[in-house]
Amino acid sequence: MSLDVVPAALLSAALDLARQGLALFPILSRLKIPFGGTHVCDAPLHQHGFKDATRDPATISSWWREHPDANIGLATGRGLDVLDPDGPVGEVSLAALIARRWPLPETCTVETSLGHRHIYFRSAGWPSTASKLGPKLDSRGAGGYVLVPPSVHPSGPVY
């Protein structure tokens with residue numbers, strides 16, 4: 001079942017996160033894809049995804065006035081890094097990593113869709129990787145991004 005997100009909630013959440021020092025940018029509605037290089041509109045530049053991320057409330061407000069239902073992209077490696085265990089296989093990889101290396105500190109976790117989550121950490125210079133830490137276990141750090149609440153997952157659930 002898909003949950004509807006009021007567009008004002010997206011802008012409010014984006015502004016709140018920016019006030020906390022996080023760099024954000026708009027993502028195509030109900031997708032995980034940034035606006036592309038051919039996109040043209042009246043809002044400040046946002047065709048380069050995480051490279052255009054900002055903490056500036058005026059820019060963020062302008063983006064969401066132009067695209068009120070845009071998902072919220074968080075540029076990782078600029079305050080936060082994220083572990084992304086993808087479903088049960090990713091959770092097994094994460095458990096193995098914890099057993100081999102270190103316990104996870106207390107932190108925030110966001111359910112992204114049924115059986116999937118993001119685990120947030122203060123930036124520590126992580127790279128962005130895909131399955132290098134284990135099968136279906138990704139990291140998002142420098143040069144990466146994740147969607148944040150209340151973005152809408154392509155399958156329908158709200159983060």
Between [atom1] on residue [X] and [atom2] on residue [Y], distance to nearest 0.5 Å:
X: Ser113; Y: Asp86; atom1: OG; atom2: CG; value: 8.0 Å
X: His39; Y: Glu66; atom1: NE2; atom2: CD; value: 6.5 Å
X: Asp84; Y: Ser139; atom1: CG; atom2: OG; value: 9.5 Å
X: Ile33; Y: Asn71; atom1: CD1; atom2: CG; value: 10.5 Å
X: Leu24; Y: Asp56; atom1: CG; atom2: CG; value: 11.0 Å
X: Cys41; Y: Arg65; atom1: SG; atom2: CZ; value: 11.5 Å

Please tell me if the side chains of [X] and [Y] come closer than 4.5 Å, counting only heavy atoms from C-beta onward.
X: Leu17; Y: Val148; answer: yes
X: Leu83; Y: Leu133; answer: yes
X: Pro85; Y: Arg117; answer: yes
X: His153; Y: Lys32; answer: yes
X: Pro149; Y: Val158; answer: no
X: Leu147; Y: Thr112; answer: no
X: Thr54; Y: Trp63; answer: yes
X: Ile119; Y: Leu94; answer: yes

Which class fits the ring pair Phe35 and His46: parallel under 30°, tilted 30 to 60°, perpendicular over 60°?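 The rings of Phe35 and His46 stand perpendicular, inter-plane angle above 60°.
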
Pairs in or reaching into residues 83-123: which pass ring-ring contact (aromatic ring centres under 6.0 Å, His included), with residues at least two apart or in two chains?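 Checked against ring-ring contact (aromatic ring centres under 6.0 Å, His included) - neighbours excluded - the pairs reaching residues 83-123 are Phe121-Trp126.
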
[X] and [Y]: same hydrophobic cluster, using ILVMFWY side-chain contacts below 4.5 Å?
X: Leu28; Y: Tyr159; result: no
X: Leu10; Y: Phe50; result: yes
X: Val146; Y: Leu31; result: no
X: Val92; Y: Ile98; result: no

Closest non-hydrogen atom pair, [X] against [Y]:
X: Ser128; Y: Ala142; value: OG-O, 3.2 Å
X: Ala75; Y: Ala53; value: CB-CB, 3.6 Å
X: Ala14; Y: Ile72; value: N-CD1, 3.8 Å
X: Arg55; Y: Gly21; value: NE-O, 2.5 Å
X: Pro44; Y: Ser62; value: CD-OG, 3.0 Å
X: Leu11; Y: Trp64; value: CD1-CB, 3.8 Å

[X] side chain to [Y] backbone, donor-acceptor under 3.5 Å:
X: Ser131; Y: Lys136; result: yes
X: Arg78; Y: Gly141; result: no
X: Ser29; Y: Asp69; result: yes
X: Ser61; Y: Pro57; result: yes

Neighbour count >12 (heavy atoms, 6.0 Å) for atom CZ, Arg122: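 Atom CZ in Arg122 is not crowded, with 12 or fewer foreign heavy atoms closer than 6.0 Å.
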
Atom CG of residue position Asp42 - does it have more than 12 heavy atoms of other residues, nucleotides or ligands inside 6.0 Å?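 Not more than 12 within 6.0 Å, no.
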
